[in-house]
Amino acid sequence: MPPEGNARPATTTKPRRLHNFIDGAYAQSAGAKTFESRCPADNSIVAIVDEASRADVDQAVSSARAALTGPWGKISLDERAAILHSIADLIDERAADFADAEISDTGKLIGPTLNGEIPRGAMQFRVFADIAKDGFAMAPIASQTPMGKAANYPERAPKGVIATICPWNLPFVLSTWKIAPALACGNTLVVKPSEETPMTATLLGAVMNDAGVPPGVYNVVNGFGAGSTGAFLVAHPDINAITFTGETRTGAAIMAGAADGIKDISLELGGKNPGIIFADCDFEKAVAGTAASVFHNCGQVCLCTERLYVERVIFDKFVAALKAKAEALKPGNPRDPATTLPPLISIGHREKVLDYFKAAHDDGATVVSGGGIAQTDGALVEGAWIEPTIWTGLSESSRVVKEEVFGPVCHIQPFDTEDEAVAYANDSDYGLAATVWSGDSTRARRIASQIEVGVVWVNGWMIRELRSPFGGFKHSGIGREGGAFSLDFYTEIRNVCVSEG
Ligand code: NAD
């Protein structure tokens, strides 16, 4: 465990030296390039990372290809599942190391990281091992057609070498959300973490070795996107499928790249998520839940709410209550359990968020709360801090109401009728998630069924069951993962038709 107390620096150790993990070993890159990973709490350098060259990517893909037919390809589903359970146990044993690495890369808060995101990553290996055991076999289909009598045996086979490209906002949770089902289905992987957050996926290499995963099954190549490691991976002819989470624009570039070679894709993209709050809600619960959905992880979760629609009779009261929640958030050392507001991921991302603050001002927003850089002291003043920010008074066509800001921000608009609330919610190119707060469950379900998004939470937020489908409508993605939907993406299905005539 990192030491406790406010006086500690945000980062605990001297910068780590990170090599790529290829064919079961950490190896110096074939190229000479390195890059820095910085902790956004104080902008200190926390890792010097090898940037994987095209030659490194080639080596990683060919070792993943070879591993498909090696020992990994010969073990049973039960043996694979047992290895996944060992991976989960080892992550739990090393949770403090993983949490420390994740906090160094992201500035995330110690509590939700150590007690939430790292154990969640471990759990995904257990759950997807069990989902594969339950769902891999498919029922036979007896057929009697004019062509004759036959028995059909559909069976699942691994899809092959999977490229996994991840964002920085939930590095360990989102990489393991893809790695666990891909391995459970017998695939091999080349993982490219975000250049902002290379650590936890790289540390996972040692866990794979210790859990008995054969060399080549799990590979990590670090680097950037366009013109770098990510683009080399997408273009590689020996990749069978790409699972990507990140921005919609990047998803479009990856989709275009995947066309060459007919690679299958799963895209989990951006959102501009609405929350609808009716006057008959449990007010305190709706305010607390909405505050979490707007400000959690400094608003850097794809499922965070950035557009709120509040029934007019409670509008003023709701705005005041949310303002109080925003102003109670406390920036500080992420390793101090008393800190409740983490930083943004980088100074560069803060520039983007500050641009949106300016756009809101230029469009005539009323700033209810925040609107600037959050005050910190000591080494933290160098960090990427920002104030939780609430706006009212904007038109629905304003940039900050239309575009994903990916920060601790929301705009609040009053509404009078259900139809108006639904129309506001659906007036977006995105379609990832929504929340509905109402004491009338019939009405809440009626509204939920009209919102064009992949997940609607009623009177809650972020309750994520791994067996339920997850993905987006419209520009928020293509495909679904989770439960049996993950099996569908990470396997090919072969039908063996045995003639009985
Ligand atoms: P990003 O698209 O900038 O980067 C994601 C990854 O793609 C990084 O590893 C990056 O290096 C790589 N990349 C960038 N350009 C590439 C290219 N041309 N070819 C190959 N790889 C490339 O996204 P980000 O800023 O890291 O993450 C934030 C975004 O992710 C937000 O839009 C957020 O909504 C979205 N997100 C979506 C979900 C979801 O489940 N739908 C979950 C988390 C985050």
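Every number for a ligand or one of its atoms is a count from 1 in the order of the listing.
In summary, the atoms of ligand 1 found under 4.0 Å from a heavy atom of Ala226, numbered by their order in the structure, are 15 (N), 16 (C), 17 (C), 18 (N). Of all atoms in ligand 1, numbered sequentially from 1 with element shown, those under 4.0 Å from a heavy atom of Phe470 are 40 (O). Interface of Phe244 with ligand 1, defined as ligand atoms under 4.0 Å from a residue heavy atom, comprises 2 (O), 5 (C), 6 (C), 7 (O). Against a heavy-atom cut-off of under 4.0 Å, Leu432 is close to the following atoms of ligand 1: 41 (N). Near Asn169, with a cut-off below 4.0 Å to any heavy atom, the atoms of ligand 1 are 43 (C), 44 (C).
Judged purely by atom type and a 3.5 angstrom limit, Asn187 has no side-chain atom pairing as donor or acceptor with the backbone of Ile162. Without hydrogens or angle criteria, Trp385 side chain to Leu380 main chain gives a donor-acceptor distance under 3.5 Å. Checked by atom type and distance alone, the side chain of Ser63 pairs as donor or acceptor with a backbone atom of Ala60 at under 3.5 Å. Between the side chain of Glu306 and the backbone N or O of Glu404 there is no donor-acceptor pair closer than 3.5 Å.
Counting only heavy atoms of the protein, atom 36 (N) of ligand 1 lies nearest to Cys302 CB, 3.5 Å. Here the heavy atom of the protein found nearest to atom 8 (C) of ligand 1 is Cys166 O, 3.3 Å. The protein non-hydrogen atom at the shortest distance from atom 21 (N) of ligand 1 is Gly230 CA, 3.7 Å. Looking only at protein heavy atoms, the nearest one to atom 27 (O) of ligand 1 is Pro167 CB, 3.2 Å. Among all non-hydrogen protein atoms, the one lying nearest atom 35 (C) of ligand 1 is Gly246 O, 3.3 Å. Closest to atom 14 (C) of ligand 1 among all protein heavy atoms lies Thr250 CG2, 3.3 Å. For atom 23 (O) of ligand 1, the closest non-hydrogen atom of the protein is Glu247 N, 3.4 Å. In terms of protein heavy-atom proximity, atom 22 (C) of ligand 1 is closest to Gly225 CA, 3.4 Å.
Ring geometry for Phe357 against Trp391 counts as perpendicular: the plane angle is over 60°, on a 0 to 90° scale with 30° as the lower cut. Under the 30°/60° scheme for interplanar angles, the aromatic rings of Tyr218 and Phe21 are found to be tilted.
Proximity of Glu404 to ligand 1, defined as any heavy-atom pair under 4.0 Å, is confined to the side chain (atoms from C-beta onward). By the criterion of a heavy-atom distance under 4.0 Å, the backbone of Pro193, and not its side chain, is placed next to ligand 1. Residue contacts with ligand 1 for Leu174 involve side-chain atoms from C-beta outward but no N, CA, C or O (heavy atoms, distance under 4.0 Å). The part of Glu195 lying near ligand 1 is the side chain, judged by heavy-atom distances below 4.0 Å. At a heavy-atom cutoff of 4.0 Å, ligand 1 is contacted by the backbone of Phe224 but not by its side chain. Neither the backbone nor the side chain of Leu170 has any atom closer than 4.0 Å to an atom of ligand 1 (non-hydrogen atoms only). If you look at Leu233 next to ligand 1, there are no close heavy atoms at all, none under 4.0 Å.
By the 4.0 Å N-to-carboxylate-O rule, Asp92 lies close enough to Arg126 to be salt-bridged with it.
The closest approach between Ala231 and ligand 1 falls below 4.0 Å for a heavy atom of the residue.
Polar contact with ligand 1: absent for Thr245 (N/O pair, distance under 3.5 Å). In terms of polar-atom proximity, Ile165 is not counted as a contact of ligand 1, lacking any N or O under 3.5 Å from an N or O of the ligand. Of the polar atoms of Ser476, none of the N or O atoms is found under 3.5 Å from an N or O of ligand 1, judged by distance alone.
Counting heavy-atom neighbours within 6.0 Å of Arg17 CZ, excluding the residue itself, gives a total above 12. Environment of CE in Met255: sparse, with no more than 12 heavy atoms of neighbouring residues, nucleotides or ligands closer than 6.0 Å.
Ring centers of Phe415 and Tyr424: at least 6.0 Å apart, outside the cut-off.
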May I have the step-by-step check of side chain to side chain donor-acceptor pair (under 3.5 Å) for Lys33 and Ser228, ending in yes or no?
CA-CA 11 Å; Lys33 285 195 193 162; Ser228 173; over 6 Å; no
Quick one: do Ile345 and Ser194 satisfy side-chain contact (heavy atoms from CB on, under 4.5 Å)? Show the steps, please.
CA-CA 11 Å; Ile345 189 64; Ser194 166; over 6 Å; no
Would you check, one step at a time, whether the test side-chain contact (heavy atoms from CB on, under 4.5 Å) holds for Lys330 with Leu341?
CA-CA 5 Å; Lys330 192 170 161 291; Leu341 180 72; 5.9 Å; no
Let me see the working for Glu268 and Cys302 under side-chain contact (heavy atoms from CB on, under 4.5 Å), right down to the final yes or no.
CA-CA 9 Å; Glu268 298 185 336; Cys302 55; over 6 Å; no
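Within a 4.0 Å radius of atom 4 (O) of ligand 1, the protein has no heavy atom.
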